[in-house]
Every structure is written in structure tokens, then in C-alpha cells.
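Below is one structure, written out as C-alpha cells; the observations come after it.
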Amino acid sequence: MSDARPIGLFDSGIGGLTVLKALSAELPNENYIYFGDTARAPYGNKSSGSVTQYAEQTTRFLLRQNVKALIVACNTVSAVAMARIEELAGDIPVFEVISPLVEDVSAFLKGREHARIGVLATRRTVASRQYPEAIARRAGETIQVEQIACPLFVNLVEEGIWHDQLAEAAVDHYLSVWRQNTPDAVLLGCTHYPLLKPLIEAYLPQATVLESGPALSRVVAEALARSDMRHEDTGGSRIFYCTDALDTFVDAAVSFLGEAATNTTQIHLKDIECI
Ligand code: DGL
């Protein structure tokens with residue numbers, strides 16, 4: 001049996017494309033619908049109430065596209081809105097990005113009782129304490145977790161600035177406290193940040209830098225296989241929606257995905273706010 005229904009995934013903007021890229025590598029035959037809420041990005045500085053409201057609207061929109069699974073390709077939404085999304089999704093499986101990354105870091109920590117883990121995330125994700133609490137539950141209280149909120153990273157990435165001196169200055173601004181005393185592993189707890197991964201790795205060469213896309217993709221692939229929901233036929237497709245200017249989204253998407261985001265539509269906020 002082959003299930004051709006699409007997989008829906010969403011983020012505040014282009015950050016979730018880092019998840020889409022990893023998913024497409026793991027599950028190339030699937031049909032994907034990507035939703036970037038570019039009109040309301042960034043989410044990371046907003047209240048839990050606002051983020052949950054946006055996530056509800058996007059969830060309803062994607063459920064109407066007959067998705068077979070929902071992927072919350074955003075740590076901020078994963079940190080604050082999962083209960084509501086799962087309630088709306090009913091029988092449709094929902095995957096978030098925090099647990100797979102915590103699983104990855106616990107594999108990295110195997111056999112070590114003491115280690116320092118750094119978490120880079122948005123203000124809302126940091127405030128939720130989801131990462132330190134999940135790491136303590138999974139790997140033990142003796143693992144030291146230090147979080148740094150890096151709100152400017154999201155705006156830089158949305159503007160396609162992830163290579164130059166401005167991006168380097170932002171990395172230095174947030175991470176200088178770890179330059180001399182580097183954690184053993186650094187988790188990119190925001191799906192926008194993998195675009196800055198080469199700069200972060202160059203700045204903290206002693207740290208192992210982990211991101212959620214590959215870990216999440218393995219979890220999704222296993223879950224779909226277990227439920228006999230994989231699309232086995234070849235020729236997976238991608239449809240993109242964003243809530244603000246198409247040209248900005250398409251330019252940033254193409255330079256990241258390495259191919260044009262051709263099937264792209266702008267959805268007006270008023271059309272999803274009333275769903
Ligand atoms: N990429 C998202 C995350 O993983 C959202 C960032 C933002 O919009 O502030 O948290």
C-alpha cells in the first residue's frame with residue numbers, strides 16, 4: 001500500500017526549510033506542503049498565546065489540504081503549542097522538533113555522566129525550558145545545560161544573510177561567552193539556525209553542533225513505515241505557501257534549497273484567520 005497524501009510542515013518563515021531538506025533526503029518520494037508564516041515572523045519574541053493562535057490557524061489550513069502527517073518545523077511552536085495542535089489534528093500524527101534533537105544529544109552523551117550542553121534558541125523556547133528539562137529527564141541531572149537566546153539570527157536568515165560579516169558579528173555577539181569555555185555539544189534549538197551552522201562551527205570548533213532536521217526525519221520515516229503510510233511511488237512533489245511577499249520567500253528558499261521553489265502561493269492572513 002502506498003499513501004500519496006501530502007505531509008504538511010510549517011514554520012514562521014524559511015527556517016523550516018532546513019527540516020524539509022532533511023526530510024526530502026530521507027523520504028524523497030513523499031509529497032510535501034510547506035507553510036511559512038512570513039507575515040508574522042519572527043515567532044520567537046511573541047507570547048505563547050499569540051504563537052499558539054498562529055499555530056492553530058496554520059494547523060487548520062494544513063488539515064484542510066488532507067495531510068497524512070503534520071510536522072511542526074518550528075521549535076517555538078513545538079515548545080508552547082503542541083497540546084492544542086494535537087487536539088486539532090485528532091488521528092493525524094503530529095511530530096515536533098524538540099524530542100528528536102534531545103534523543104540525538106543523549107546518544108552523543110552515552111557513557112558520560114558529566115558534560116556541558118549549550119542550547120541556542122529563540123527567547124520563547126528558552127523561556128519554556130523545554131530543552132533543559134527534557135535533557136535532564138533523558139540524560140540525567142548531572143548534565144549541565146546552558147541556554148542562549150539569539151533573536152537576531154532569525155531576522156538575518158529571513159533576509160538571506162547567513163555568510164557575511166554581519167552574520168559573523170551576530171555569532172560573535174551571542175556566542176562570545178562560549179569562545180574560551182566551549183560546551184561539548186551545541187544544539188541548534190531553532191530551525192532557522194542551521195543556515196548559520198558553518199559560522200557557528202567555525203566559531204566554536206571544539207563543539208559538536210547538532211540540528212533537528214536529520215533526527216526528526218528518521219523519526220518520521222520510522223513512524224510512517226510502522227503505520228504503512230509511506231508513499232512508495234517515485235516522484236515526490238513540493239508545494240509552498242507563505243503569508244507575505246513571494247519574492248522574498250522564493251529568493252531565500254532557492255538559495256537554501258539549491259532549487260527553485262516553483263509551486264509557491266501567497267496566502268493572505270485574512271484567509272487563514274477566519275478558518
Ligand atoms: N524557526 C522557528 C523556531 O524553530 C521560529 C523562529 C522565529 O520565528 O522566531 O523556533
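Atoms within a ligand are numbered from 1 in the order they appear, just like the ligands themselves.
Ligand 1 is surrounded by Asp11, Ser12, Pro42, Tyr43, Gly44, Cys74, Asn75, Thr76, Thr122, Val154, Cys190, Thr191, His192, each with at least one heavy atom closer than 4.0 Å.
Among the candidates Tyr54, Phe10, Phe35, the single residue satisfying the ring pair (Phe, Tyr, Trp, His ring centres under 6.0 Å) test with Phe61 is Phe35.
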Quick one: side chains of residues 234-241, donor-acceptor pairs under 3.5 Å with protein atoms, not counting sequence neighbours, listed by atom name and distance.
| residue | atom | partner | partner atom | Å |
| --- | --- | --- | --- | --- |
| Ser237 | OG | Asn31 | OD1 | 2.9 |
| Arg238 | NH2 | Ser24 | OG | 3.1 |

Name every donor-acceptor pair, under 3.5 Å, that has one atom in a side chain of residues 194-209 and the other anywhere in the protein, sequence neighbours excluded.
| residue | atom | partner | partner atom | Å |
| --- | --- | --- | --- | --- |
| Lys197 | NZ | Glu211 | OE2 | 3.2 |
| Tyr203 | OH | Asp172 | OD1 | 2.4 |

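For the residue pair Asp37 and Tyr43, a side-chain donor N or O sits within less than 3.5 Å of a side-chain acceptor on the partner. Side-chain contact annotation: Thr18 with Thr191, donor-acceptor N/O pair under 3.5 Å absent.
Listed by chain and number, the hydrophobic cluster partners of Ile117 are Ile98, Leu101, Val102, Val105, Phe108, Leu109, Val119, Tyr131, Ile135, Ile143, Val145, Leu187, Leu210, where partners are ILVMFWY side chains within reach of under 4.5 Å, directly or through others.
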